[in-house]
S.K.: 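One structure, pasted below without further comment.
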Amino acid sequence: MKKYTVFITSKIPEEGINLLQQQGYVLKFGSLKKAKGAHALLCLLTDTIDAKVMNAIGPQLKIISNMAAGLDNIDIHEAVKRGITFTNTPGVLTEAVAEHTVALLLAVSRRVVEGDQFVREKKYKGWQIDLLLGQELRGKTVGIVGYGRIGSRVAAILEKGFGMKVVYHDEHRNEIAEKNNAQYVSFRDLLKIADVVSLHVPLLATTLHLVGEKELRMMKRTAYLINTSRGAVVDEKALARVLKGNSIAGAGIDVFEHEPKIDDSLLKAQNVVLTPHIASASHEARIAMAELAAKNIINVLKV
Ligand code: GLV
């Protein structure tokens, strides 16, 4: 049997490594620069895999296995041109990302982070009737943008757990959504109706800055924006402006346009809860992602 080399750009959970070792592959680790000669590449969303990288690795490369749900770090047209298979790890991080989305929503709507700071700064001098008032979710409307695996799970948690009404927008109407009583609306109507706008679309040319200043200004003044998809889906500077002017009530943001850089104006905004791209960062999801990324490689190399 041919000895395949699998190049892994980061330390991933051992469950994934074990699966690859059981196949007898040669495993190599390190930065992308050292991947020359690999038959398979196991990479992360922080690795940019463009034509230059593919050329440097060489024509024997058969598969790029991205340990992420998104594929926006890979130039998929260049991969197709070269006949290289590319895979991602959808499904196994749905729960983690959906739960984090809800965590961000609750954190901003119930002012959890502000409360924590208030206590630590020793400002808490006793119960006050009007201290850090937030908004409840029950009976309000969540607008899901992108009713896929994660979007539909967020919708279910917020509907069943918190009594929210669900409207959604996607490229197409979704039968499951309709069965679940989620109402299809135009993107414009969603922005106008929703008390919470939650983004669950991949980053594509068509979703770049999908939410810009104009869209943000269509939202209710009392509404929240939650983004656990990709940073560039939102115009970050515009979001900071709109937050500063209190044109929306707040935001929960896990992903940034130029991460790990974050626009200063967003860092200064008070009514936003920021997390460092950790929506899928549960132990369960990371193990399952590593296993799936390994299985994707095995499936391609065995044919
Ligand atoms: C996380 O953002 C992922 O795409 O897996």
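None of the values given here were measured: they were computed from a predicted structure. The chain is numbered in sequence order, starting from 1.
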S.K.: Which pair of heavy atoms, one from Thr87 and one from Leu71, lies closest together, and at what distance?
M.R.: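 Looks like O-CD2, 3.8 Å.
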
S.K.: When you measure from the side chain of Asp47 to the backbone of Asn73, do you find a donor-acceptor pair of N or O atoms at a distance under 3.5 Å?
M.R.: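 Side chain of Asp47 to backbone of Asn73: no pair is present.
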
S.K.: With sequence neighbours excluded, tell me which residues meet ring pair (Phe, Tyr, Trp, His ring centres under 6.0 Å) with His277.
M.R.: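 Scan of His277 (ring pair (Phe, Tyr, Trp, His ring centres under 6.0 Å), adjacent residues dropped) gives none.
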
S.K.: Using a 6.0 Å cut-off, check whether atom CD of Glu121 has over 12 heavy atoms from anything other than its own residue.
M.R.: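 Buried by this count: over 12 neighbours within 6.0 Å.
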
S.K.: Please list all pairs meeting ring-ring contact (aromatic ring centres under 6.0 Å, His included) that have one or both residues in residues 28-67, counting only residues at least two apart or in different chains.
M.R.: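 For residues 28-67, and leaving out neighbouring residues, the ring-ring contact (aromatic ring centres under 6.0 Å, His included) pairs sorted by first residue read Tyr4-His39.
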
S.K.: Check the surroundings of atom CG in Leu267: do more than 12 heavy atoms from other residues, nucleotides or ligands lie under 6.0 Å from it?
M.R.: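 Yes, CG of Leu267 has more than 12 neighbouring heavy atoms, counting only those of other groups under 6.0 Å.
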
S.K.: Assess the side chains of His209 and Glu257: does a donor N or O sit below 3.5 Å from an acceptor N or O?
M.R.: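 Yes - a donor-acceptor pair under 3.5 Å links their side chains.
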
S.K.: Is a donor from one side chain sitting under 3.5 angstrom from an acceptor on the other, for Ser186 and His169?
M.R.: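 Note: Ser186 and His169 side chains miss the donor-acceptor criterion.
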
S.K.: Would you please say whether a donor-acceptor pair under 3.5 Å links the side chains of Thr101 and Ser198?
M.R.: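 Per modelled atom types, Thr101 and Ser198 side chains form no pair under 3.5 Å.
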
S.K.: Can you run down the ring-ring contact (aromatic ring centres under 6.0 Å, His included) pairs that involve residues 55-78, sequence neighbours left out, and say none if there aren't any?
M.R.: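 Every candidate ring-ring contact (aromatic ring centres under 6.0 Å, His included) pair involving residues 55-78 fails, so no pair, neighbours aside, qualifies.
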
S.K.: List for me each residue that meets salt bridge (Lys or Arg N to Asp or Glu O under 4.0 Å) alongside Asp195, sequence neighbours excluded, and say none if there are none.
M.R.: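 So Asp195 forms a salt bridge (Lys or Arg N to Asp or Glu O under 4.0 Å) with Lys220.
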
S.K.: Pick one: which of Val242, Val201, Leu199, Asp235 meets side chain to side chain contact (heavy atoms under 4.5 Å, CB included) with Val211?
M.R.: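 When Val242, Val201, Leu199, Asp235 are each tested with Val211, the side chain to side chain contact (heavy atoms under 4.5 Å, CB included) holds only for Leu199.
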
S.K.: Return yes when atom CD of Glu213 has more than 12 non-hydrogen atoms of other residues, nucleotides or ligands closer than 6.0 Å, and no otherwise.
M.R.: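 Yes, CD of Glu213 has more than 12 neighbouring heavy atoms, counting only those of other groups under 6.0 Å.
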
S.K.: Judged by modelled atom types alone, do Thr94 and Arg149 share a side-chain donor-acceptor pair under 3.5 Å?
M.R.: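 No, because no side-chain N or O of Thr94 sits under 3.5 Å from a partner of the opposite role on Arg149.
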
S.K.: Taking all atoms of both residues into account, what is the closest heavy-atom pair of Phe256 and Lys261, and its distance?
M.R.: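 Looking at all heavy atoms of both residues, the closest pair is CB-O, 4.0 Å.
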
S.K.: Only distances under 3.5 Å count here; give the side-chain donor-acceptor pairs of residues 129-142 to other protein atoms, sequence neighbours excluded, each with its distance to 0.1 Å.
M.R.:
unit_1: Gln135; atom_1: NE2; unit_2: Thr222; atom_2: O; d: 2.9
unit_1: Gln135; atom_1: NE2; unit_2: Tyr224; atom_2: OH; d: 3.1
unit_1: Lys140; atom_1: NZ; unit_2: Glu136; atom_2: O; d: 2.7

S.K.: Could you tell me whether Arg153 and Glu95 make a salt bridge, using a distance below 4.0 angstrom between a side-chain N and a carboxylate O?
M.R.: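 Salt bridge present between Arg153 and Glu95.
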
S.K.: Main chain of Arg111, side chain of Glu114: is a donor-acceptor contact present, judged purely on distance under 3.5 Å?
M.R.: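 The answer is no, because no donor-acceptor pair under 3.5 Å joins these two groups.
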
S.K.: Residues two or more places apart in sequence or in another chain: which of them pass ring pair (Phe, Tyr, Trp, His ring centres under 6.0 Å) with Tyr147?
M.R.: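 Here the qualifying residues are Tyr168.
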
S.K.: Between Arg82 and Glu78, does any side-chain N to carboxylate O distance fall below 4.0 Å?
M.R.: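 A salt bridge links Arg82 with Glu78.
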
